[in-house]
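Heads up: the structure comes next, in structure tokens.
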Amino acid sequence: MGVQGRNGALLAVEEINDAGGLDGRKLELLVRDDLNTPEGAVKADKELVVAGVSAILGHMTSSQSLAAIGEMKDSGVLYISPTTSTPLLQGIKDNFFRVIPTLSELSKGLAEYSTGKLGMKRLAVIWDTSNKAFTVPYKDVFISTFEENGGKLVGEARIGKQKDNVDWQKVVEELKAVKPDVVVMVTSARDLAAFAQYCKINKTDWTIASSMWAFTKELVQTGGKSVEGVLFVVHFAEDNAAPGYNEFKQKFIDRYGWAPNFAAVFGYQAVQVFAEAVRLNGGSTKGLDKIIPGISFDTSIIGPFSIDDFGDVKGVGHIVFVKNGEFVTVARGE
């Protein structure tokens, strides 16, 4: 997600600069690696504030955003996150804005699809403790919705800092003992791919569903045929793209040599939000936290959206599954 989000943001910066910049000034993108840790996020942001940035586009994962915002709350720095979707930052007036809706509706929608459309009754959950700001709300919403619709939680497994040494065979065997209909993975693509491979080896018959975190090409590249049939509910699906997406996609491929994923799309859009705020602010980067609330895009590569007074956006979910190595939409949100 980090690489793709950065590349999407850089493409937007280059396009703006090629068109003359903002109010005659060119944008400069400073890139820092937050190491995907809370400590790394804080360190990176402190460096960027010292460098005098006008805004930080990040972070890409929820736990890093929470850590950074908590530590940097008195710095006055503006955050625009492409992919942080934790509800723990929802409904709060602060300097944090995002272009992706919160995870709650997605998790609820996936649970409703699992029980209603697929008739699933028995649920197991595997979640990553290293990104609790995302994984805990996601799995809690899924479980409660699943149970409200007549289902039952029969198993749960956690991975975290030890995930490089996860005994996936043991996990699969423990799940086989409780016989779930569906296993929901709230993990990265790499962990989901590893689990799916062991499921295939063991010839399990449950359905695998996943949060949007693993909705990347890395899943297919790493998991191969093992991830065929994995289900998602996502805010952006390539085969259900907004007008203008295909042009963006081709530019991205021309620039980087491979297709964008959702993180690249939202990274690109985060820069567009910043640019629009600066234009509305007469070219100034000061006080953008007063300008961004209420900004709306009738046309964008992620579809129409607006940012509310709390820096949050709303969006619809699309049911997507892996088929022949591609993400295919089977049900579209309204």
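By convention here, the first residue in the shown sequence is residue 1.
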Just how far is it from atom [atom1] of [X] to atom [atom2] of [Y], taken to the nearest 0.5 Å?
{"X": "E14", "Y": "K26", "atom1": "CD", "atom2": "NZ", "answer": "11.0 Å"}
{"X": "S300", "Y": "F266", "atom1": "OG", "atom2": "CZ", "answer": "8.5 Å"}
{"X": "K176", "Y": "K203", "atom1": "NZ", "atom2": "NZ", "answer": "10.5 Å"}
{"X": "L10", "Y": "L27", "atom1": "CG", "atom2": "CG", "answer": "11.0 Å"}
{"X": "W127", "Y": "I143", "atom1": "CH2", "atom2": "CD1", "answer": "9.5 Å"}

I'd like to know if the side chain of [X] and the backbone of [Y] have a donor-acceptor N/O pair within less than 3.5 Å.
{"X": "N281", "Y": "G283", "result": "no"}
{"X": "S144", "Y": "V141", "result": "yes"}
{"X": "R122", "Y": "K152", "result": "no"}
{"X": "S107", "Y": "L103", "result": "no"}

For [X], all residues meeting salt bridge (Lys or Arg N to Asp or Glu O under 4.0 Å), sequence neighbours excluded:
{"X": "R25", "value": "none"}
{"X": "R190", "value": "E218"}
{"X": "E147", "value": "none"}

(request) Begin with the C-alpha distance, continue with both residues' side-chain angles, and end with the deciding distance and a verdict on side chain to side chain donor-acceptor pair (under 3.5 Å) for D128 and T135. (result) CA-CA 6 Å; D128 189 336; T135 57; over 6 Å; no

(message) Test of understanding: clusters of I, L, V, M, F, W, Y form through side-chain heavy atoms closer than 4.5 Å, transitively. Do L153 and V186 belong to the same one?
(response)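 Same hydrophobic cluster.
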
(message) Let me check something: do Y256 and V31 share a hydrophobic cluster, defined by ILVMFWY side-chain heavy atoms less than 4.5 Å apart, either directly or through other members?
(response) yes

(request) Please step through salt bridge (Lys or Arg N to Asp or Glu O under 4.0 Å) for the pair K225 and E228, ending with a clear verdict. (result) CA-CA 5 Å; K225 293 183 179 179; E228 288 286 305; over 6 Å; no

Which heavy atom of [X] sits nearest a heavy atom of [Y], and at what distance?
{"X": "S296", "Y": "S306", "value": "CB-CB, 3.6 Å"}
{"X": "W168", "Y": "A194", "value": "NE1-CB, 3.5 Å"}
{"X": "P82", "Y": "H59", "value": "CD-O, 4.3 Å"}

(message) Please evaluate residues T329 and I319 with respect to the criterion side chain to side chain contact (heavy atoms under 4.5 Å, CB included), reporting the C-alpha separation (whole Å), side-chain torsions for both, the decisive distance (0.1 Å), and the verdict.
(response) CA-CA 6 Å; T329 299; I319 303 291; over 6 Å; no

(message) Using ring centroids (six-membered ring only for Trp), state whether F232 and F321 fall under 6.0 Å.
(response)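 No, they do not, as the ring centres are separated by 6.0 Å or more.
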
(request) Please confirm whether F236 and Y245 have ring centers closer than 6.0 angstrom. (result) yes

(message) Using the rule given for side chain to side chain donor-acceptor pair (under 3.5 Å), can you reason through Q250 versus N246, listing the C-alpha separation, both sets of side-chain angles and the distance that settles it, and then say yes or no?
(response) CA-CA 6 Å; Q250 190 56 54; N246 286 332; over 6 Å; no

Is the closest basic N to carboxylate O distance between [X] and [Y] below 4.0 Å?
{"X": "K139", "Y": "E156", "value": "yes"}
{"X": "K73", "Y": "D94", "value": "no"}
{"X": "K108", "Y": "E105", "value": "no"}

(request) Not counting sequence neighbours, list each pair that qualifies as a ring pair (Phe, Tyr, Trp, His ring centres under 6.0 Å) and has a residue in residues 281-305. (result)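 Residue pairs with at least one partner in residues 281-305: F297-F305.
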
(request) Check the pair K117 / E112 against salt bridge (Lys or Arg N to Asp or Glu O under 4.0 Å), numbers first and verdict last. (result) CA-CA 8 Å; K117 184 70 173 179; E112 291 174 341; over 6 Å; no

Hydrogens and angles aside, do [X] and [Y] bring a side-chain donor and acceptor to less than 3.5 Å of each other?
{"X": "Y268", "Y": "E15", "result": "yes"}
{"X": "T216", "Y": "N261", "result": "no"}
{"X": "T86", "Y": "S62", "result": "no"}
{"X": "E173", "Y": "Q169", "result": "yes"}

Under a 4.5 Å cut-off applied to non-hydrogen side-chain atoms, are [X] and [Y] in contact?
{"X": "V278", "Y": "D23", "result": "no"}
{"X": "F97", "Y": "S81", "result": "no"}
{"X": "F327", "Y": "D239", "result": "no"}
{"X": "E71", "Y": "K46", "result": "yes"}
{"X": "V313", "Y": "D308", "result": "no"}
{"X": "I100", "Y": "T84", "result": "no"}
{"X": "T61", "Y": "N36", "result": "yes"}
{"X": "F146", "Y": "S114", "result": "yes"}

(message) Would R32 and E47 count as a salt bridge (Lys or Arg N to Asp or Glu O under 4.0 Å) here? Give the steps.
(response) CA-CA 9 Å; R32 297 292 184 274; E47 291 178 2; 3.2 Å; yes

(request) Step by step, work out the side chain to side chain contact (heavy atoms under 4.5 Å, CB included) result for T204 and V172. (result) CA-CA 8 Å; T204 59; V172 170; 3.9 Å; yes

(request) Report the residues that fulfil side chain to side chain donor-acceptor pair (under 3.5 Å) with D289, sequence neighbours left out, ordered by chain and then residue number. (result) none

(message) Apply side chain to side chain contact (heavy atoms under 4.5 Å, CB included) to residues M60 and Q4 and explain how you reach the verdict.
(response) CA-CA 10 Å; M60 301 302 290; Q4 287 256 354; over 6 Å; no

(message) Can you tell me if K217 has over 12 outside heavy atoms packed within less than 6.0 Å of its NZ?
(response)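 Above 12, so yes.
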
(request) List, by chain and number, the other hydrophobic cluster members for L30, where Ile, Leu, Val, Met, Phe, Trp and Tyr join if side-chain heavy atoms come within less than 4.5 Å, directly or indirectly. (result)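 Members besides L30, by chain and number: L48, V49, V53, I56, L66, I69, M72, V77, Y79, L88, L89, F96.
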
